[in-house]
Novice: 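Before I ask anything, here is the structure I am working with.
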Protein chains: 2
Amino acid sequence: MTDPSLAPASGHDHSHCVADALARADSLCASRGARLTALRRRVLELVWRSHRPRGAYAILEDLSQQEGKPAAPLTVYRALDFLVEQGLVHRIESLNAYVGCPAPGLAHTGQFLVCESCGNTEEIDDPRIREAIRDGAAARGFRVRLPTVEVRGLCPDCQSRPRPETTP
Amino acid sequence: MTDPSLAPASGHDHSHCVADALARADSLCASRGARLTALRRRVLELVWRSHRPRGAYAILEDLSQQEGKPAAPLTVYRALDFLVEQGLVHRIESLNAYVGCPAPGLAHTGQFLVCESCGNTEEIDDPRIREAIRDGAAARGFRVRLPTVEVRGLCPDCQSRPRPETTP
DNA sequence: GTCATCGGGTTATGATATAACGCCATTCCC
DNA sequence: GGGAATGGCGTTATATCATAACCCGATGAC
């Protein structure tokens, strides 16, 4: 938890992010009748250890360490499936990794700005992008179910830094 | 090669697609001084067996069969890396699979409409989508290097069919 | 001819994800 | 409350996707 490589890029109190995310998850699941079990909540917390997408096996390791005994991959994947279904976590396809959603419950399908240098990933929901995809698909007779937009590049911080921190 | 599950959705002469793709690859590589070796060319042909993204291991199996002896994964991955670098093939991140580019040489980064029913994947290059992403990122100070847009949904054919063909 | 470079073979391994089966706790119905 | 249905999760095994490390032969530069 005090591993500096897990800290987010700019100085912000990340514990707030985590606490907020958990609180939102609690109330959202409660309002939906979805069961945010202890395990699922712990996995959500582990996803939120940073603003970088984390691989399932990284989460698995953390979980194993917390429990003092090795956990099985399925344990983590099932929890992640639940969290993704509830919109609490997004899967970043191009990284095979998972990142916490900062604004769940808004029924959005976001777009992701993935920094190739520090790994930090910002979720946005830009109406112009959303509508351009919707219209572009419609013009070709294609019915959109799930748009995936993942933009690799450099975040503002890393553009001004020579060689920034490593990814976890 | 005559496996019907590999045929593209609508009746079109797919052998033309393949022949065209190979011809374009030949001239493009020649003009660039890139070496489209026999192996790479064969892998490109196997990617083009359908308009569905194909997994590296599916290609590997085809290749092994053609050669009468098992090929190694690296063989295929190296060829695919080359083809992707040359823009002859695109990787579909959300499927961990590869699909032929119908218009290489245009220096585009396309968007992909992936049918969840039949698997056929159409590559488009919609300026509105491209520009919306460029502007949306710029507005947040993010420098785009590689935009990835993969839209899952239903192609026109599959919207009018009850339960269409399977994916290979 | 000699060297550098590159394509590709070989073997091993790492990383990501799911299948199949079963137990147990909760919940729901009556 | 009793019993059945459901869902969460443990266990073991396996599938799928991708790369590391090493070597060798062909090609082209000089």
Novice: Under 4.0 Å from OP1 or OP2 of C:dG9: is there any side-chain N or O of B:Thr75 that close?
Specialist: yes
Novice: How many whole angstroms separate atom CZ of B:Arg91 from atom P of D:dC17?
Specialist: 10 Å
Novice: With DNA chain D as reference, determine whether A:Phe82 or A:Pro70 sits nearer its 5' end, using the nearest nucleotide of each.
Specialist: A:Phe82
Novice: Looking at A:Arg42 and A:Asp62, is there a salt bridge between them, counting it only when a charged N and a carboxylate O are closer than 4.0 Å?
Specialist: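 A salt bridge is absent here (no side-chain N lies under 4.0 Å from a carboxylate O).
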Novice: Going by an N to O cut-off under 4.0 Å, is there a salt bridge joining A:Arg152 and A:Glu150?
Specialist: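 Looking at A:Glu150 together with A:Arg152, the answer is no, because their closest N to O distance does not fall below 4.0 Å.
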Novice: Between atom OH in B:Tyr77 and atom C1' in C:dG9, what is the gap in whole Å?
Specialist: 17 Å
Novice: Given D:dG7, is OP1 or OP2 found less than 4.0 Å from the side-chain N or O atoms of A:Arg35?
Specialist: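 Result: no.
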Novice: Can you tell whether the side chains of A:Arg140 and B:Asp126 come within less than 4.0 Å, N to carboxylate O?
Specialist: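 Looking at B:Asp126 together with A:Arg140, the answer is yes, because their closest N to O distance falls below 4.0 Å.
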Novice: Is the shortest side-chain N/O distance from A:Asn96 to OP1 or OP2 of D:dC17 below 4.0 Å?
Specialist: no
Novice: Rounding to an integer number of Å, can you tell me how far B:Asp81 CG sits from D:dA18 C1'?
Specialist: 10 Å
Novice: Between B:Arg78 and C:dT10, is there a contact of a side-chain N or O with OP1 or OP2 at under 4.0 Å?
Specialist: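 No, B:Arg78 has no side-chain N/O under 4.0 Å of OP1/OP2 on C:dT10.
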Novice: Need one value for B:Leu39: base, sugar-phosphate or nothing, where a base atom within 4.0 Å counts as base even if backbone is also close, heavy atoms only.
Specialist: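 The residue B:Leu39 makes sugar-phosphate contact but no base contact.
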Novice: Test for a donor-acceptor pair under 3.5 Å between the base of D:dA15 and the side chain of B:Tyr57, counting only N and O atoms.
Specialist: no
Novice: Is A:Arg40 near enough to D:dC9 that one of its side-chain N or O atoms lies under 4.0 angstrom from OP1 or OP2?
Specialist: yes
Novice: Provide, to the nearest angstrom, the distance between the CG atom belonging to A:Leu36 and the P atom belonging to D:dG8.
Specialist: 11 Å
Novice: Can you tell me the distance, in whole Å, between the CZ atom of A:Arg41 and the C1' atom of D:dG8?
Specialist: 18 Å
Novice: So, do A:His90 and A:Phe112 have ring centers that fall under 6.0 Å from each other?
Specialist: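 Ring centres of A:Phe112 and A:His90 closer than 6.0 Å.
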Novice: Does the cation-pi check pass for B:Arg54 over B:Tyr98, that is, NZ or CZ under 6.0 Å from the six-membered ring centre and within 45° of its axis?
Specialist: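 That pair does not qualify as a cation-pi contact.
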Novice: How many whole angstroms separate atom OH of B:Tyr98 from atom C1' of D:dA18?
Specialist: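 Result: 8 Å.
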Novice: With the side chain of B:Ala72 defined as its heavy atoms from C-beta on, choose the nearest nucleotide among D:dC9, C:dT11, D:dT12.
Specialist: C:dT11
